Amino acid sequence: MHDFLTFASDADMLGMWGAAFLLLAGFALLMERRRMKRARIDGVGWVPWTGLFLTCAVIGGGLLAVAVPGIIRG
């Protein structure tokens with residue numbers, strides 16, 4: 001894995017970062033759904049899962065949109 005990262009192009013690196021952000025967005029979506037199904041409505045916690053989901057999804061989608069043409073060409 002280390003050799004791949006050493007010789008990875010900028011498009012590959014952006015694609016990996018985009019996938020990581022989308023994975024984090026999926027986790028935030030899962031946690032928001034878990035919070036919505038909570039039995040005690042007053043024990044919801046302090047993490048803004050919806051905002052975190054939207055931020056990570058936009059960043060991840062943008063990074064992948066920039067990376068895909070370079071990956072296809074390379």
Side-chain angles (χ1 to χ4, degrees):
M1 183 71 170
H2 184 268
D3 293 334
F4 172 74
L5 291 177
T6 301
F7 296 109
S9 68
D10 290 339
D12 292 334
M13 295 299 286
L14 281 178
M16 286 190 282
W17 276 107
F21 271 104
L22 288 180
L23 187 65
L24 183 61
F27 176 73
L29 182 63
L30 177 72
M31 295 306 290
E32 177 63 27
R33 288 184 186 212
R34 182 174 173 243
R35 178 169 54 178
M36 294 301 285
K37 293 182 181 184
R38 196 176 274 275
R40 283 187 40 212
I41 193 67
D42 58 343
V44 294
W46 58 271
V47 179
W49 292 114
T50 304
L52 191 61
F53 164 73
L54 287 173
T55 302
C56 289
V58 168
I59 291 172
L63 287 174
L64 282 178
V66 169
V68 166
I71 292 172
I72 291 173
R73 271 189 252 136

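Here the structure is a predicted model, which is why all the values come from computation and not from measurement. Numbering starts at 1 and runs along the sequence shown.
C56 and L24 get closest at one heavy-atom pair: SG-CD2, 3.4 Å. The shortest non-hydrogen separation linking G15 to A67 is N-CB, 3.5 Å.
The CG atom of L63 sits 11.5 Å away from the CE atom of M13 when rounded to the nearest 0.5 Å. To the nearest 0.5 Å, atoms CD1 (I59) and CH2 (W17) are separated by 11.0 Å. In this structure, L29 CG and L54 CG are separated by 9.5 Å, a value rounded to the nearest 0.5 Å. Here the CE-CD1 distance, from M16 to I71, works out to 8.5 Å after rounding to the nearest 0.5 Å.
R33 is linked by a salt bridge (charged side-chain N to carboxylate O under 4.0 Å, His left out) to nothing, counting only residues two or more places apart in sequence or in another chain.
A continuous path of ILVMFWY side-chain contacts below 4.5 Å connects L52 to F27, so both sit in one hydrophobic cluster.
Under the ring pair (Phe, Tyr, Trp, His ring centres under 6.0 Å) criterion, no residue pair touches residues 50-74, with sequence neighbours excluded.
For the side-chain contact (heavy atoms from CB on, under 4.5 Å) criterion with R34, the lone passing option out of M36, M31, E32 is M31.
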